[in-house]
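Model, not experiment: these values are computed from the prediction. Residue numbers start at 1 and run along the sequence shown. Worth knowing before you read on, the calculation uses all heavy atoms, side chains too, and leaves out hydrogens, waters and symmetry mates.
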Amino acid sequence: MTDACIRAVVESIHSSPTQAVLYLSGGASLALGLLMSVPGASNTVLEAVVPYSRMSMIQLLAKIPAKYCSQQTADEMALLAYNRALKLSSPVLGVGFTGSLATTRPKQGDHRFHLSTRTSDRHWASTVTLSKGLRSRDQEEKVSSYFLLKAIANACKVSSTFDSELTESDVVADECERFFDEDKELEQLINGQICFKVYPFSSDKSNGDRKIILPGSFNPLHDGHLKLLEAATSICGDGYPCFELSAINADKPPLSIPQIKERVMQFEKIGKMIIISNQPYFYKKAELFPGSAFVIGADTAVRLINPKYYDGSYDRMIETLSGCKRTGCTFIVAGRKVDGTFKVLEDFDVPEVLKDMFVPIPAERFRMDISSTEIRRSCGL
């Protein structure tokens, strides 16, 4: 196999719109080196982590795995990598790899590696057992790395024309592939397996990678939502607008899959991006979408800075919102009716330490006294 052939495949991976987070342990350093050595690697690799020591793996998985080198561990790594990638870009791929290859001392068990890839709609996994004693460590790593590159190319939906250099005496076992339809993805989201799902009905990111997010229940979506996000985007200057709906409510049952899909259809009709998350609280949203600007009304802002919603603790309120601030998040605040009176951000006493993360939308830029609740009432719903 020629270097030119490998390079061509890596170039094809880099030309794909899919970006990846890779968690690789024990025998994939060559693959990572090949990915990073070909120009365009930043188009593909969002992040690569090598949890080589046992303690590193425990911290990555947040538990002690049943087996450090196993298909289950590779699958868990791939899912973690996918969720991490979601926070960084879209569309994305999570890759998990763990291997037990030849080393300086003889191994009692098989020489093997386990590989897993995860995208929004597909999970692919494979275990490969290498013929023991046939190859040196460098040769085994060459095999595992080529196999890994082929798997990444496959997940990115580009062709890989080179041989993975497995022999007839090697064993590919338990290779499996599962596809997820929309309902299954949403079920995984509600259950907490994946952190959010993006519906990119609008994929315009020409204004950078920062998200300008308008959260809401959108029951129904109305013109006030659209004009509010438009006003906030013009104030922020950089970033692309999107809406966010949490499938999980702080004090109500989770939305059903049909309810989510019905609300998503509203955004499909008008060509606007909507993200479905599973976090109802802003401090958790800030962890999901670091560096974002959240667009809120004054009624929400006054609750955010009210110690009542932090078990009555002013210090806990400051600590929680300071955590949001450290993620780089800000709040863009529009005027709203509060207790029957129209209020703007300047009407509230925002703690000095938090003032720079709250940005007002002047009333002359946006004011629309309309709500989804009023619309439902007027329609008799």
Side-chain angles (χ1 to χ4, degrees), residues 20-32 45-88 92-120 122-130 132 137 140-141 143-145 147-148 151-152 155 171-178 180 184-185 187-196 248 277-279 281 283-284 287-288 290 323 327:
V21 168
L22 303 97
Y23 291 159
L24 312 172
S25 177
S29 59
L30 176 60
L32 183 57
V45 181
L46 292 166
E47 185 174 273
V49 177
V50 182
Y52 210 74
S53 72
R54 292 196 169 206
M55 189 54 67
S56 178
M57 182 69 81
I58 290 169
Q59 291 192 13
L60 176 69
L61 300 176
K63 67 176 185 180
I64 299 175
K67 289 186 178 180
Y68 288 84
C69 182
S70 68
Q71 189 61 60
Q72 179 181 339
T73 297
D75 291 346
E76 291 175 358
M77 293 167 75
L79 185 57
L80 284 169
Y82 174 70
N83 277 305
R84 171 63 178 160
L86 278 175
K87 299 176 184 180
L88 302 175
V92 294
L93 162 67
V95 179
F97 178 99
T98 180
S100 178
L101 305 183
T103 184
T104 53
R105 48 182 171 70
K107 287 183 180 285
Q108 293 184 348
D110 292 327
H111 294 192
R112 67 195 188 280
F113 57 87
H114 308 275
L115 175 60
S116 183
T117 62
R118 171 66 199 251
T119 60
S120 64
R122 175 180 177 267
H123 171 241
W124 177 87
S126 182
T127 291
V128 176
T129 302
L130 300 174
K132 203 168 181 177
R137 167 65 186 228
E140 286 190 351
E141 181 145 345
V143 172
S144 65
S145 291
F147 198 89
L148 175 55
I152 293 173
V171 178
V172 178
D174 300 325
E175 184 166 305
C176 67
E177 186 173 36
R178 289 183 294 154
F180 311 116
K184 189 63 179 177
E185 284 185 75
E187 180 186 321
Q188 292 173 346
L189 184 145
I190 293 169
N191 292 338
Q193 293 173 270
I194 61 175
C195 56
F196 60 84
I248 308 298
S277 80
N278 55 16
Q279 295 296 346
Y281 300 109
Y283 74 96
K284 287 294 186 180
E287 293 174 4
L288 279 186
T327 69

* Going from CD on Gln188 to CG on Asn278, what distance comes out if it is rounded to the nearest 0.5 angstrom? -> 11.5 Å
* Asked: Quick one: are Met57 and Met77 in side-chain contact, heavy atoms under 4.5 Å?
  -> yes
* **Short N-O contact, Lys284 and Glu287, less than 4.0 angstrom** => yes
* Asked: What pair of heavy atoms forms the shortest contact from Gly26 to Arg137, and how long is it?
  -> C-NH2, 4.4 Å
* Asked: What are the two closest non-hydrogen atoms of Arg118 and Ala78, and how far apart are they?
  -> CB-O, 4.1 Å
* Non-hydrogen side-chain atoms of Asn83 and Leu80 separated by less than 4.5 Å -> no
* Kindly give the heavy-atom pair with the smallest separation between Ile190 and Ile248, and that separation in Å. => O-CD1, 4.0 Å
* Is there a donor-acceptor pair under 3.5 Å between the side chain of Lys132 and the backbone N or O of Lys107? -> yes
* To do: Identify the residue among Thr127, Thr98, Asp75, Thr73 that makes a side chain to side chain donor-acceptor pair (under 3.5 Å) with Ser116.
  => Asp75
* Over all heavy atoms of both residues, which pair between Gly27 and Ser145 is shortest? Give the atoms and the distance, please. => O-OG, 4.1 Å
* Spacing of Gln71 atom CD and Cys176 atom SG [to the nearest 0.5 Å] -> 6.5 Å
* Which pair of non-hydrogen atoms, one from Lys87 and one from Phe196, has the smallest distance, and what is that distance? -> N-CZ, 4.0 Å
* Would Val50 and Leu22 satisfy side chain to side chain contact (heavy atoms under 4.5 Å, CB included), going step by step from the backbone distance to the final call? -> CA-CA 8 Å; Val50 182; Leu22 303 97; over 6 Å; no
* Taking C-beta and beyond as the side chain, do Val143 and Leu101 meet within less than 4.5 Å on heavy atoms? -> no
* Minimum heavy-atom distance Tyr82-Thr119, with the two atoms named -> CE1-C, 3.7 Å
* Structure fact -> Distance col, row Tyr68:OH vs His114:NE2, nearest 0.5 angstrom, shows 15.0 Å
* In sequence, state the C-alpha distance, the side-chain angles, and the governing distance for Leu148 and Val95, and then conclude on side chain to side chain contact (heavy atoms under 4.5 Å, CB included). => CA-CA 9 Å; Leu148 175 55; Val95 179; 3.7 Å; yes
* **Sub-4.5 Å side-chain heavy-atom contact between Pro51 and Leu24** => no
* Roughly how far, to the nearest 0.5 Å, is the CZ atom of Arg178 from the CH2 atom of Trp124? -> 13.5 Å
* Reported CG-to-CG distance for the pair Asp110 and Leu130, which is rounded to 0.5 angstrom -> 9.0 Å
* Asked: Is the side chain of Arg112 donor-acceptor paired with the backbone N or O of Cys69 at a distance under 3.5 Å, no angle test?
  -> yes
* From Phe97 CZ over to Thr117 OG1, what is the distance, rounded to the nearest 0.5 angstrom? -> 13.0 Å
* Would you call Val92 and Val21 a side-chain contact if the rule is heavy atoms closer than 4.5 Å? -> no
